[in-house]
Each structure stands twice: as C-alpha cells, then as structure tokens.
Amino acid sequence: MIHHRELFSRLNDNLISLATALFNKYFPNINSGNEMIGNFISNYDRLRKPLSKKERLSIPGKYRYIGATSVNDYINKYNFDGIYLLLGEDGTVEDDNGYPILQYISGKFWPNNHAHVLQGKNVSTEWLYLFFKQRRL
C-alpha cells in the first residue's frame, strides 16, 4: 500500500519532470546568448539571519528553519513569507550528476546563511527553478 507522502512525492516528481520537459521545449537555447542570469534574479541574501542550534532549541515552533539542502528545524518565528527558490551556497549543493540542489519554498520560513534566497525578476520564480534545474554547476 502506498502512503500519502510517497504518493505526493511521486506526483511531485512527475510534475517536475513534465515541467522540465516543457521548459526545455519552449526554451531550447536557454544556455546560449549574451544575457546574464543575474538580470533575472532578485537576491534576498542580505535578509538571512543564521540561528545557532541553541537558539533554535529555545524557540520551537511550526515554521521551517531551512539550510542549504533541507529543513533543519522548526521554530516559532519566520522572516520570509511567499514563494522563493533556495539555492545552496556551500557544502553539498549539487547532486551526483552535477546539478544544483534546489528548494522551491512557499509559505513562511526562516532560511539560514547557507542557502541563497532568490525570486525571479521579470520571470517567474518557477521559471528560475526550471532554469537552474537543467543547468550543471
């Protein structure tokens, strides 16, 4: 019997595969040209504030405290609310094939200083996610 979490994970993987295929179909030459990707990114790194494990243990809650590749903890405050793309800054930030580990985040959360906090500028954050998803580091 498949559990709901596994079913949602499979569904999400299928949707990402479909979105990636469509992105590559409609933007086949995305890695050519003279446009810089920085022109399409709003970067919010200056708003990140790392919290030590001791600090996080003193404020348990429901909001995600997110690191470079995953949720590290749950705390009772947040400093971001919306749709963002997190791109790992250092450490293990790429998969076995050399693609970046990305986190598409929506809702309230607190990122640590190991994840770049990005949104699309003149493109959607989803477009930015799909761009980085097919781009090796």
Side-chain angles (χ1 to χ4, degrees):
M1 177 175 215
I2 297 176
H3 295 289
H4 285 110
R5 185 175 295 222
E6 183 181 344
L7 182 62
F8 286 131
S9 179
R10 285 183 186 178
L11 180 60
N12 191 52
D13 290 345
N14 287 339
L15 289 171
I16 289 172
S17 293
L18 178 60
T20 301
L22 288 169
F23 182 86
N24 289 332
K25 177 182 177 182
Y26 290 105
F27 300 101
N29 300 314
I30 196 70
N31 292 311
S32 62
N34 58 6
E35 195 78 41
M36 302 294 291
I37 189 60
N39 295 333
F40 300 99
I41 295 173
S42 292
N43 184 313
Y44 297 95
D45 287 359
R46 70 190 180 287
L47 302 175
R48 299 176 302 179
K49 294 182 176 97
L51 298 173
S52 70
K53 181 72 171 173
K54 183 179 179 181
E55 289 172 303
R56 295 192 313 265
L57 286 173
S58 72
I59 55 169
K62 66 179 183 178
Y63 302 113
R64 297 161 292 172
Y65 181 79
I66 304 175
T69 61
S70 64
V71 174
N72 292 350
D73 233 328
Y74 290 88
I75 59 176
N76 68 5
K77 28 179 163 174
Y78 63 91
N79 57 358
F80 284 87
D81 184 7
I83 295 176
Y84 293 87
L85 175 63
L86 302 186
L87 174 66
E89 180 173 278
D90 50 22
T92 308
V93 295
E94 61 184 61
D95 66 17
D96 293 338
N97 297 314
Y99 292 98
I101 295 176
L102 304 168
Q103 298 178 82
Y104 177 83
I105 305 296
S106 91
K108 298 172 179 160
F109 67 100
W110 187 298
N112 74 15
N113 58 314
H114 297 287
H116 292 296
V117 182
L118 311 173
Q119 284 183 322
K121 179 171 62 174
N122 300 320
V123 296
S124 69
T125 300
E126 293 79 7
W127 186 96
L128 200 59
Y129 173 88
L130 292 168
F131 171 82
F132 280 117
K133 184 150 186 59
Q134 56 84 43
R135 180 122 176 141
R136 285 195 170 105
L137 294 175

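- In this structure Arg64 satisfies the side chain to side chain donor-acceptor pair (under 3.5 Å) test with no other residue, sequence neighbours excluded.
- Nearest heavy-atom pair, Ala115 versus Ala68, reported as atom, atom and distance to 0.1 Å: CB-CA, 4.1 Å.
- Ser106 contributes no side-chain N or O that, together with a main-chain N or O of Gly82, makes up a donor-acceptor pair within less than 3.5 Å.
- Considering NZ of Lys133 and CG of Leu128, their distance stands at 13.5 Å, rounded to 0.5 Å.
- Note that CG of Leu85 and CH2 of Trp127 are 11.5 Å apart. Values are rounded to the nearest 0.5 Å.
- The backbone N or O of Asp45 sits less than 3.5 Å from a side-chain atom of Asn43, completing a donor-acceptor pair.
- Here the CD1-NZ distance, from Ile105 to Lys108, works out to 15.0 Å after rounding to the nearest 0.5 Å.
- Using a 4.5 Å cut-off between side-chain heavy atoms of Ile, Leu, Val, Met, Phe, Trp and Tyr, with links allowed through other members, Leu87 and Val117 fall into different hydrophobic clusters.
- Grouping the Ile, Leu, Val, Met, Phe, Trp and Tyr side chains by contacts below 4.5 angstrom, directly or via other members, places Val123 with Ile83.
- Surrounding NZ of Lys121 are more than 12 heavy atoms belonging to other residues, nucleotides or ligands, all under 6.0 Å away.
- Ile41 CD1 to Thr125 OG1: the interatomic distance, rounded to the nearest 0.5 Å, is 10.5 Å.
- Partners of Asn39 by side-chain contact (heavy atoms from CB on, under 4.5 Å), not counting sequence neighbours, listed by chain and number: Glu35, Met36.
- In this structure a side-chain-to-backbone donor-acceptor pair under 3.5 Å is missing from Arg48 to Pro111.
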Can you give each donor-acceptor pair under 3.5 Å made by side-chain atoms of residues 49-59, sequence neighbours left out, with the distance rounded to 0.1 Å?
from: Ser52; atom 1: OG; to: Glu55; atom 2: N; distance (Å): 3.1
from: Ser52; atom 1: OG; to: Glu55; atom 2: OE1; distance (Å): 3.3
from: Lys53; atom 1: NZ; to: Asp73; atom 2: OD2; distance (Å): 3.3
from: Glu55; atom 1: OE1; to: Ser52; atom 2: N; distance (Å): 2.6
from: Arg56; atom 1: NE; to: Asp73; atom 2: OD2; distance (Å): 3.0
from: Arg56; atom 1: NH1; to: Leu51; atom 2: O; distance (Å): 2.7
from: Ser58; atom 1: OG; to: Glu55; atom 2: O; distance (Å): 2.7

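- Under the 4.5 Å side-chain heavy-atom criterion for ILVMFWY residues, a single connected hydrophobic cluster contains both Phe132 and Tyr104.
- Here the side chains of Ser70 and Asn72 are in contact, with some heavy-atom distance below 4.5 Å.
- The ring-ring contact (aromatic ring centres under 6.0 Å, His included) test applied to Tyr78 returns Tyr63, not counting sequence neighbours.
- Of all non-hydrogen atoms in Tyr44 and Gln119, the two that sit nearest each other are OH-OE1, 3.1 Å.
- Remark: Asp95 pairs with no residue by the salt bridge (charged side-chain N to carboxylate O under 4.0 Å, His left out) rule, at least two apart or across chains.
- Under the 4.5 Å side-chain heavy-atom criterion for ILVMFWY residues, a single connected hydrophobic cluster contains both Leu18 and Leu130.
- Applying the ring-ring contact (aromatic ring centres under 6.0 Å, His included) criterion to Phe109, with sequence neighbours excluded, gives Phe80, Tyr84.
- Within the model, atoms CZ of Phe131 and CD of Glu126 stand 16.0 Å from one another, a figure rounded to the nearest 0.5 Å.
- Expressed to the nearest 0.5 Å, how far CD of Glu89 lies from NE2 of His114 amounts to 7.5 Å.
- Linking ILVMFWY residues whenever their side-chain heavy atoms come closer than 4.5 Å, directly or via other members, places Leu47 and Leu86 in the same cluster.
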